[in-house]
Engineer: 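This is the structure I have questions about; it appears just below.
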Amino acid sequence: MKKPTIGVLALQGAVREHLAMLERTGARGVALKYPSELHLCSGLIIPGGESTTIGKLMIACGFLEEVRELVGQGMPVYGTCAGLIMLASRLIEGDQPLLGLMDITARRNAYGRQVDSFEADLVLKGIEDPGRPFRAVFIRAPWIEETGPGVEVLGEHGGRVVMARQDGMLVSAFHPELTGDDRIHRYFLRMLEGAEMAERAPGTGG
Ligand code: GLN
(Lines give C-alpha, C1' and ligand atoms only; values in the text may rest on other atoms or scores of the structure.)
Protein backbone atom coordinates (compact mmCIF):
# COMPACT_ATOMS: atom_id res chain seq x y z
CA MET A 1 0.00 0.00 0.00
CA LYS A 2 1.31 3.48 -0.77
CA LYS A 3 2.03 5.81 2.11
CA PRO A 4 -1.33 7.18 3.26
CA THR A 5 -1.71 10.86 4.11
CA ILE A 6 -3.48 11.52 7.39
CA GLY A 7 -4.62 14.99 8.33
CA VAL A 8 -4.41 16.05 11.96
CA LEU A 9 -6.84 18.83 12.74
CA ALA A 10 -4.48 21.58 13.87
CA LEU A 11 -6.73 24.19 15.46
CA GLN A 12 -5.85 23.43 19.08
CA GLY A 13 -4.48 20.57 21.17
CA ALA A 14 -1.99 17.70 20.89
CA VAL A 15 -1.17 17.96 17.18
CA ARG A 16 2.60 17.46 17.00
CA GLU A 17 2.52 14.23 18.99
CA HIS A 18 0.04 12.67 16.55
CA LEU A 19 2.15 13.79 13.58
CA ALA A 20 5.24 12.19 15.11
CA MET A 21 3.36 8.96 15.82
CA LEU A 22 2.03 8.83 12.26
CA GLU A 23 5.53 9.23 10.83
CA ARG A 24 6.69 6.35 13.01
CA THR A 25 3.98 4.08 11.66
CA GLY A 26 4.91 4.81 8.04
CA ALA A 27 2.12 7.25 7.23
CA ARG A 28 2.45 10.88 6.22
CA GLY A 29 0.93 13.24 8.76
CA VAL A 30 -0.12 16.76 7.82
CA ALA A 31 -1.27 19.50 10.17
CA LEU A 32 -4.57 20.81 8.80
CA LYS A 33 -5.27 24.52 9.11
CA TYR A 34 -7.81 24.95 6.32
CA PRO A 35 -10.78 22.79 5.27
CA SER A 36 -9.53 22.81 1.66
CA GLU A 37 -6.58 20.65 2.81
CA LEU A 38 -8.93 17.82 3.82
CA HIS A 39 -9.08 16.64 0.24
CA LEU A 40 -5.39 15.74 0.34
CA CYS A 41 -6.05 13.23 3.09
CA SER A 42 -7.34 9.69 3.18
CA GLY A 43 -7.98 9.84 6.92
CA LEU A 44 -8.36 12.37 9.72
CA ILE A 45 -7.32 12.62 13.37
CA ILE A 46 -9.12 14.97 15.74
CA PRO A 47 -6.70 15.43 18.65
CA GLY A 48 -7.23 15.97 22.34
CA GLY A 49 -7.37 19.49 23.70
CA GLU A 50 -10.42 21.41 24.79
CA SER A 51 -13.56 20.38 22.96
CA THR A 52 -15.52 23.63 23.39
CA THR A 53 -12.59 25.55 21.90
CA ILE A 54 -12.06 23.02 19.11
CA GLY A 55 -15.79 23.11 18.31
CA LYS A 56 -15.91 26.90 18.12
CA LEU A 57 -12.79 27.03 15.98
CA MET A 58 -14.15 24.31 13.71
CA ILE A 59 -17.18 26.47 13.04
CA ALA A 60 -15.16 29.67 12.64
CA CYS A 61 -12.75 28.03 10.15
CA GLY A 62 -15.42 26.18 8.19
CA PHE A 63 -14.29 22.72 9.27
CA LEU A 64 -17.44 21.53 11.00
CA GLU A 65 -19.66 21.10 7.94
CA GLU A 66 -16.82 19.89 5.74
CA VAL A 67 -15.69 17.18 8.18
CA ARG A 68 -19.28 16.13 8.81
CA GLU A 69 -19.78 15.66 5.11
CA LEU A 70 -16.51 13.82 4.35
CA VAL A 71 -16.74 11.52 7.38
CA GLY A 72 -20.42 10.96 6.58
CA GLN A 73 -19.26 9.80 3.14
CA GLY A 74 -16.86 7.32 4.75
CA MET A 75 -13.56 9.13 5.35
CA PRO A 76 -11.97 7.29 8.31
CA VAL A 77 -11.55 9.41 11.43
CA TYR A 78 -9.91 8.87 14.80
CA GLY A 79 -10.87 11.14 17.71
CA THR A 80 -8.80 11.15 20.89
CA CYS A 81 -10.22 12.62 24.11
CA ALA A 82 -11.67 16.02 23.02
CA GLY A 83 -11.85 14.44 19.55
CA LEU A 84 -14.07 11.71 21.00
CA ILE A 85 -16.37 14.40 22.39
CA MET A 86 -16.49 16.15 19.00
CA LEU A 87 -17.56 12.93 17.26
CA ALA A 88 -20.26 12.04 19.79
CA SER A 89 -23.93 12.48 18.98
CA ARG A 90 -24.86 13.26 22.57
CA LEU A 91 -23.29 14.83 25.66
CA ILE A 92 -24.48 14.16 29.20
CA GLU A 93 -24.20 17.82 30.11
CA GLY A 94 -23.66 21.09 28.39
CA ASP A 95 -24.38 22.60 25.07
CA GLN A 96 -21.48 22.93 22.65
CA PRO A 97 -20.91 22.34 18.95
CA LEU A 98 -20.44 18.67 18.07
CA LEU A 99 -19.99 16.80 14.81
CA GLY A 100 -22.62 14.38 16.11
CA LEU A 101 -21.58 11.53 13.83
CA MET A 102 -21.07 8.59 16.16
CA ASP A 103 -23.87 6.88 18.06
CA ILE A 104 -22.34 7.40 21.51
CA THR A 105 -23.12 9.54 24.54
CA ALA A 106 -20.02 11.15 26.04
CA ARG A 107 -19.52 12.47 29.56
CA ARG A 108 -16.95 15.26 29.64
CA ASN A 109 -14.40 15.43 32.47
CA ALA A 110 -15.92 12.18 33.65
CA TYR A 111 -13.19 11.27 36.13
CA GLY A 112 -13.63 14.47 38.12
CA ARG A 113 -11.05 16.82 39.51
CA GLN A 114 -9.38 14.56 42.02
CA VAL A 115 -8.09 12.33 39.22
CA ASP A 116 -7.40 15.01 36.66
CA SER A 117 -4.81 12.85 34.96
CA PHE A 118 -3.78 9.25 35.38
CA GLU A 119 -2.33 6.30 33.54
CA ALA A 120 -3.76 2.80 33.32
CA ASP A 121 -2.92 -0.48 31.62
CA LEU A 122 -5.75 -1.48 29.33
CA VAL A 123 -6.47 -4.61 27.36
CA LEU A 124 -7.78 -3.47 23.98
CA LYS A 125 -9.54 -5.40 21.25
CA GLY A 126 -8.34 -5.37 17.67
CA ILE A 127 -4.82 -4.03 18.13
CA GLU A 128 -1.70 -6.12 17.43
CA ASP A 129 -0.55 -8.35 20.28
CA PRO A 130 -3.80 -7.72 22.18
CA GLY A 131 -2.68 -9.66 25.25
CA ARG A 132 0.00 -7.02 25.91
CA PRO A 133 -1.56 -4.18 27.94
CA PHE A 134 -1.66 -0.71 26.45
CA ARG A 135 -0.43 2.03 28.78
CA ALA A 136 -3.14 4.67 28.40
CA VAL A 137 -2.75 8.31 29.46
CA PHE A 138 -6.00 9.97 30.58
CA ILE A 139 -6.02 13.78 30.86
CA ARG A 140 -9.30 15.32 32.08
CA ALA A 141 -10.77 12.55 30.02
CA PRO A 142 -14.33 11.81 29.04
CA TRP A 143 -15.83 8.35 29.08
CA ILE A 144 -18.53 6.86 26.90
CA GLU A 145 -21.71 6.59 28.89
CA GLU A 146 -23.82 4.81 26.24
CA THR A 147 -23.17 3.16 22.90
CA GLY A 148 -25.69 2.57 20.13
CA PRO A 149 -26.20 -0.83 18.50
CA GLY A 150 -23.74 -0.18 15.64
CA VAL A 151 -20.88 0.64 18.00
CA GLU A 152 -18.22 -1.91 18.87
CA VAL A 153 -16.59 -1.54 22.29
CA LEU A 154 -12.81 -1.99 22.00
CA GLY A 155 -11.68 -1.02 25.49
CA GLU A 156 -12.97 -0.44 29.00
CA HIS A 157 -11.54 0.95 32.20
CA GLY A 158 -13.25 0.55 35.58
CA GLY A 159 -16.40 -0.70 33.87
CA ARG A 160 -16.61 2.33 31.54
CA VAL A 161 -16.18 2.31 27.79
CA VAL A 162 -13.03 4.23 26.82
CA MET A 163 -12.41 3.04 23.26
CA ALA A 164 -14.93 2.23 20.55
CA ARG A 165 -15.48 2.01 16.83
CA GLN A 166 -18.44 2.51 14.52
CA ASP A 167 -17.71 1.79 10.85
CA GLY A 168 -14.88 4.17 9.84
CA MET A 169 -14.97 6.10 13.12
CA LEU A 170 -12.61 5.27 15.98
CA VAL A 171 -12.48 7.03 19.36
CA SER A 172 -10.45 6.75 22.53
CA ALA A 173 -10.92 8.68 25.77
CA PHE A 174 -7.17 8.56 26.36
CA HIS A 175 -4.07 9.84 24.53
CA PRO A 176 -2.08 7.09 22.76
CA GLU A 177 0.12 9.68 21.02
CA LEU A 178 1.75 10.51 24.37
CA THR A 179 3.10 7.00 24.85
CA GLY A 180 5.68 5.08 22.83
CA ASP A 181 3.04 2.55 21.81
CA ASP A 182 1.84 2.98 18.22
CA ARG A 183 -0.57 0.02 18.09
CA ILE A 184 -3.74 2.15 18.01
CA HIS A 185 -2.38 4.35 15.21
CA ARG A 186 -1.52 1.19 13.31
CA TYR A 187 -5.03 -0.12 13.91
CA PHE A 188 -6.39 3.14 12.46
CA LEU A 189 -4.18 2.77 9.39
CA ARG A 190 -5.61 -0.72 8.86
CA MET A 191 -9.12 0.82 8.99
CA LEU A 192 -8.01 3.04 6.08
CA GLU A 193 -7.07 0.02 4.01
CA GLY A 194 -10.55 -1.38 4.67
CA ALA A 195 -12.17 1.90 3.57
CA GLU A 196 -10.10 1.92 0.39
CA MET A 197 -11.17 -1.61 -0.40
CA ALA A 198 -14.86 -0.76 0.13
CA GLU A 199 -14.53 2.19 -2.26
CA ARG A 200 -13.39 -0.10 -5.05
CA ALA A 201 -16.56 -1.87 -6.00
CA PRO A 202 -16.06 -5.36 -7.44
CA GLY A 203 -15.71 -5.40 -11.20
CA THR A 204 -14.38 -1.87 -11.51
CA GLY A 205 -10.87 -3.21 -11.97
CA GLY A 206 -9.60 -1.38 -8.88
N1 GLN B 1 -11.64 17.82 29.12
C2 GLN B 1 -11.43 18.14 27.75
C3 GLN B 1 -12.73 18.52 27.08
O4 GLN B 1 -13.74 18.45 27.65
C5 GLN B 1 -10.78 17.00 27.01
C6 GLN B 1 -9.39 16.77 27.53
C7 GLN B 1 -8.44 16.21 26.54
O8 GLN B 1 -8.67 16.23 25.32
N9 GLN B 1 -7.32 15.75 27.03
O10 GLN B 1 -12.74 18.89 25.96
Side-chain angles (χ1 to χ4, degrees), residues 6-22 29 31-33 43-61 63-64 67-68 71 76-122 124 134-147 151 153-158 160-166 169-185 187-188:
I6 311 293
V8 180
L9 190 70
L11 300 175
Q12 194 256 347
V15 176
R16 259 183 319 160
E17 294 83 353
H18 274 294
L19 292 173
M21 191 64 108
L22 286 168
L32 298 180
K33 295 269 187 208
L44 174 69
I45 290 180
I46 306 178
E50 217 285 319
S51 59
T52 50
T53 307
I54 292 177
K56 282 181 199 157
L57 290 173
M58 279 185 86
I59 292 178
C61 302
F63 267 109
L64 202 82
V67 169
R68 207 177 262 153
V71 173
V77 63
Y78 174 27
T80 53
C81 203
L84 175 155
I85 296 169
M86 286 307 305
L87 283 164
S89 292
R90 296 166 300 275
L91 268 189
I92 288 289
E93 243 167 51
D95 182 24
Q96 62 184 80
L98 301 175
L99 287 159
L101 290 165
M102 201 166 159
D103 194 6
I104 56 173
T105 305
R107 183 184 286 276
R108 280 185 74 193
N109 304 320
Y111 295 92
R113 249 186 240 152
Q114 64 279 37
V115 279
D116 236 358
S117 303
F118 61 97
E119 295 184 17
D121 284 327
L122 307 181
L124 303 174
F134 192 98
R135 187 85 182 152
V137 180
F138 292 81
I139 304 168
R140 291 185 300 284
W143 67 44
I144 299 173
E145 190 99 7
E146 289 165 352
T147 56
V151 178
V153 173
L154 299 176
E156 290 183 322
H157 173 63
R160 298 292 182 174
V161 177
V162 293
M163 181 165 155
R165 173 178 178 177
Q166 180 181 3
M169 296 179 281
L170 177 70
V171 289
S172 67
F174 52 89
H175 288 258
E177 78 285 6
L178 300 181
T179 66
D181 199 334
D182 58 15
R183 285 179 291 165
I184 299 179
H185 286 74
Y187 176 89
F188 180 58

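Excluded from the calculations below are hydrogen atoms, water molecules and symmetry mates; all remaining heavy atoms, backbone and side chain alike, are included. Note that ligands are numbered from 1 as they come in the structure, with each ligand's atoms numbered from 1 the same way.
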Engineer: Which is closest to atom 10 (O) of ligand 1 by heavy-atom distance: Ser51, Gly55, Ala106, Gly49?
Structural biologist: Ser51
Engineer: According to side chain to side chain donor-acceptor pair (under 3.5 Å), who are the partners of Arg68, at least two apart in sequence or on a separate chain?
Structural biologist: Glu65
Engineer: Flag Ile139 as yes when one of its N or O atoms lies below 3.5 Å from any N or O atom of ligand 1, and as no otherwise.
Structural biologist: yes
Engineer: What is the closest protein heavy atom to atom 7 (C) of ligand 1, and at what distance does it sit?
Structural biologist: Cys81 SG, 2.7 Å
Engineer: If we only count N/O pairs under 3.5 Å, is Thr80 in contact with ligand 1?
Structural biologist: no
Engineer: Please list, in number order, the atoms of ligand 1 under 4.0 Å from a heavy atom of Glu50.
Structural biologist: 10 (O)
Engineer: Any nitrogen or oxygen of Gly48 lying under 3.5 Å from a nitrogen or oxygen in ligand 1? Just yes or no.
Structural biologist: no
Engineer: One residue to check: Ile85. Relative to ligand 1, which of side chain, backbone, both or neither has a non-hydrogen atom less than 4.0 Å away?
Structural biologist: side chain
Engineer: Applying side chain to side chain donor-acceptor pair (under 3.5 Å), name anything that partners Arg140, two or more places apart in sequence or on another chain.
Structural biologist: none
Engineer: Tell me the closest heavy-atom pair linking Ala14 and Pro47, and the distance in Å.
Structural biologist: O-CB, 3.6 Å
Engineer: Using every non-hydrogen atom in the two residues, find where Val137 and Phe174 come nearest and quote the distance to one decimal.
Structural biologist: O-CB, 3.2 Å
Engineer: Measure the acute angle between the ring planes of His185 and His18, then classify it against the limits of 30° and 60° as parallel, tilted or perpendicular.
Structural biologist: tilted
Engineer: As a check for students: among His175, Arg108, Gln96, identify the option with a heavy atom nearest to atom 3 (C) of ligand 1.
Structural biologist: Arg108
Engineer: Given ring pair (Phe, Tyr, Trp, His ring centres under 6.0 Å), test Phe118 with His157 step by step and report yes or no.
Structural biologist: CA-CA 12 Å; Phe118 61 97; His157 173 63; 5.5 Å; yes
